[in-house]
Amino acid sequence: RVMANCSAPKASKELWLNNVRTIVYSGGDMWWDLNGNNQAYYYIPAVQNRNTGVSSSFAGSAWIGGLDAGGQLKVAAMTYRQNGIDFWPGPLDTINTSADPAVCAKYDQIYQVSRSEVDNFVASNGKDITPNILNWPGNGDVSKNQGRRLAPFVDINNDYFYDPATGDYPAYDVENKAEKDVLGFCKTKLFGDQTLFWVFNDNGGIHTETQGVPIGLEVRAQAFAFKTNDEINNMTFYSYEVFNRSSFQLNSTYFTLWTDADLGYFLDDYVGCDVKRGLGYIYNADPFDETAQGTNGYQDYPPALGCDFFKGPLADFGDGVNNDQDSLTDEPGETIQMSRFTYYNNNYGAFPPQTTNPSIAIHYYNYMTGFWKDSSPFTSGGNAYGGSQPATYVYDGDPVTGSGWTERGSGNVPGDRRFLQSAGPFTLKPGAVNELTFGMPWAQSPSKGGNLQSLQLLYSADDKAQALFDNCFKLLDGPEAPNMTIQELNNELIFYLSNEKGKSNNYKQFNNDYAEVDISIISDKTSTVAALNNPDKVYRFEGYIVYLV
């Protein structure tokens with residue numbers, strides 16, 4: 001492997017479509033103000049003037065680590081860039097896993113596109129083209145041994161070359177089919193009403209964040225959001241396509257989502273997880289979220305924020321063949337969901353030093369795999385340190401009902417927490433490609449002092465987010481407008497409303513037979529009311545309303 005000397009990633013772009021205003025960076029880190037005053041940058045509700053806003057998270061990124069055949073630890077991670085970085089912009093050379101500084105500089109940008117502009121492009125037969133569509137990075141540079149396909153696109157003439165002039169477009173599900181392949185994976189490759197796309201790698205230089213050995217990863221990332229009138233309007237989503245460009249197998253590998261979720265004021269938080277949902281979360285330890293130390297709090301209305309690990313790596317990665325046509329080559333198998341949940345504290349405060357921020361590669365890998373910095377296991381009870389029974393999931397009880405092991409029930413001192421959700425262990429083979437998808441549900445109680453009620457509402461919001469993922473991120477469309485023909489008669493007009501079979505979603509087998517499952521309707525299996533326990537989730541066409549103006 002040839003290691004480059006790429007410049008540190010600098011590009012950033014806001015994801016700001018719905019009730020969330022946040023930011024991502026070309027190095028894979030997100031949600032914090034790197035270019036300003038290092039403040040939190042995940043505002044809910046979204047505000048024009050950031051100085052008046054309240055943020056629900058401070059930073060986040062994906063971590064990856066494992067052991068090579070000789071037992072050497074390899075780790076790639078990002079936190080706050082205080083010590084350095086582990087990721088650089090751009091794709092890798094697929095032959096020797098090298099990163100070219102010129103390529104890093106070229107891809108030190110984040111591409112943006114919206115569903116509406118792609119819909120308009122397709123509807124206009126390619127006439128209504130925008131700069132975002134025209135500049136979409138559909139192809140890598142094959143002369144530099146980059147993957148032929150880069151950003152996902154619909155290839156109209158199947159020539160593997162992105163060319164909007166021939167009708168190619170960024171790969172939204174324009175036909176609203178939400179189809180899945182034989183492995184149960186969504187065929188759609190681009191999601192959201194607004195989408196950001198960027199590429200980064202871990203071989204552009206020395207890993208100064210973790211002090212770890214590079215793996216040889218290329219990551220194609222997207223961040224996206226939906227504009228709705230329900231809980232989805234308070235969420236953002238992320239999907240990473242991860243390529244192992246190296247010629248080495250990585251054993252005992254873990255993918256980890258790292259979240260420093262400062263919920264308003266950062267020193268009064270608790271964390272926990274819902275194993276069944278694959279959900280990690282943060283909630284206010286008390287009913288009031290202060291404004292203090294230069295940080296705006298939510299005051300009487302503290303919300304709760306979660307991170308749901310929708311999709312992890314396959315238990316059996318592919319056939320070891322580097323497939324640059326960008327289709328999954330993995331053998332059929334189950335994806336690994338959240339298999340570890342851990343946490344740690346900021347460096348200051350009355351915490352044991354073994355439970356604070358990592359500084360070297362083994363610290364990062366320990367947190368990913370269920371161990372503290374001193375390599376002692378997370379244990380059940382109290383603050384999870386120093387017990388006798390190893391714990392796979394920390395704080396997996398329910399603070400709302402007061403059942404099980406929780407920070408609240410343990411009487412822990414609230415503080416500045418980071419939490420980690422890991423998927424593993426698995427074997428990452430050379431040439432393997434897989435996807436990591438997660439979402440950030442959020443909920444806020446309308447009642448004063450409702451910190452626990454916010455957490456209860458978060459569970460419901462996460463169920464909607466999970467349903468959206470299971471439906472390939474396809475929202476309810478509603479019946480399409482009919483064709484209208486007007487016949488003029490003496491002193492009267494006759495309106496003919498019709499739908500074209502095969503082109504309208506209101507003509508499937510019969511005219512006006514639109515029916516679609518509404519993923520926002522969630523069953524309440526605890527209810528004894530039949531309409532709540534097993535609700536009718538199908539939205540059906542009922543008729544037309546014609547207005548005379």
May I have the step-by-step check of side-chain hydrogen bond (donor to acceptor under 3.5 Å, both in side chains) for Tyr385 and Asp374, ending in yes or no? CA-CA 11 Å; Tyr385 183 78; Asp374 61 2; 2.7 Å; yes
In a check of ring-ring contact (aromatic ring centres under 6.0 Å, His included) between Phe237 and each of Phe438, Phe224, Phe191, Phe469, which one passes? Phe224
Dump the intermediate steps for side-chain contact (heavy atoms from CB on, under 4.5 Å) on Leu150 and Tyr107, then the final yes or no. CA-CA 12 Å; Leu150 202 61; Tyr107 284 94; 3.5 Å; yes
When rounded to the nearest 0.5 angstrom, what distance separates CD in Gln337 from OG in Ser422? 13.0 Å
Residue pair Arg417, Glu407: steps toward the salt bridge (Lys or Arg N to Asp or Glu O under 4.0 Å) verdict: CA-CA 11 Å; Arg417 308 280 197 260; Glu407 281 217 80; 2.7 Å; yes
Start with the C-alpha gap between Val433 and Val242, add the side-chain angles, then the distance that decides, and say whether side-chain contact (heavy atoms from CB on, under 4.5 Å) holds. CA-CA 5 Å; Val433 53; Val242 183; over 6 Å; no
What are the two closest heavy atoms between Pro302 and Asn284, and how far apart are they? CB-CB, 3.6 Å
We want to know whether Asp33 and Asn35 form a side-chain donor-acceptor pair, criterion being a heavy-atom distance below 3.5 angstrom. no
Do the ring centers of Trp258 and Tyr80 come within less than 6.0 Å of each other? yes
Starting at OH of Tyr281, measure out to CG of Asp274 and round the result to the nearest 0.5 Å. 7.0 Å
How about Phe87 and Trp198: are their ring centroids closer than 6.0 Å? no
Can you confirm if the aromatic rings of Phe341 and Tyr395 lie within a centre distance of less than 6.0 Å? no
dist Lys464:NZ -> Glu231:CD (nearest 0.5 Å) comes out at 3.5 Å
To the nearest 0.5 Å, tell me how far Asn19 CG sits from Thr228 OG1. 9.5 Å
Will you find, in the side chains of Ser61 and Asp29, an N or O donor that is under 3.5 Å from an N or O acceptor? no
Scan side-chain atoms only and decide if Ser56 and Tyr298 contain a donor-acceptor pair under the 3.5 Å cut-off. yes
Taking the ring of Phe378 and the ring of Trp372, is the distance between their centroids below 6.0 Å? yes
Under a 4.5 Å cut-off applied to non-hydrogen side-chain atoms, are Phe185 and Thr335 in contact? yes
Here the gap from Phe58 atom CZ to Thr259 atom OG1, rounded to the nearest 0.5 Å, amounts to 13.5 Å
Taking only Lys NZ, Arg NE, NH1 and NH2, and the carboxylate oxygens of Asp or Glu, determine whether Arg277 and Asp308 approach each other closer than 4.0 Å. no
Show the nearest heavy-atom pair for residues Leu279 and Gln421, with the distance to one decimal. C-NE2, 3.9 Å
Glu435 with Lys189: basic N within carboxylate O range, under 4.0 Å: yes
With a 4.0 Å cut-off on N to O distance, would you call Arg81 and Glu209 a salt bridge? no
Worked check of side-chain contact (heavy atoms from CB on, under 4.5 Å) between Met440 and Leu305: CA-CA 7 Å; Met440 304 296 290; Leu305 174 77; 4.1 Å; yes
Does the gap between the ring centers of Tyr365 and Tyr367 come in under 6.0 Å? no
Looking only at side-chain N and O atoms, does Thr236 offer a donor or acceptor that is under 3.5 Å from a partner on Tyr42? yes
Does the side-chain contact (heavy atoms from CB on, under 4.5 Å) test come out yes or no for Ser55 and Asp262, once each step is laid out? CA-CA 8 Å; Ser55 175; Asp262 293 348; over 6 Å; no
Looking at every heavy atom in both Ile85 and Pro9, which two are closest together, and how far apart are they? CD1-CD, 3.4 Å
The test is salt bridge (Lys or Arg N to Asp or Glu O under 4.0 Å); show your working for Lys74 and Asp202 and say whether it passes. CA-CA 11 Å; Lys74 297 185 175 184; Asp202 86 316; over 6 Å; no
Does a side-chain heavy-atom distance below 4.5 Å link Gln194 with Phe226? no
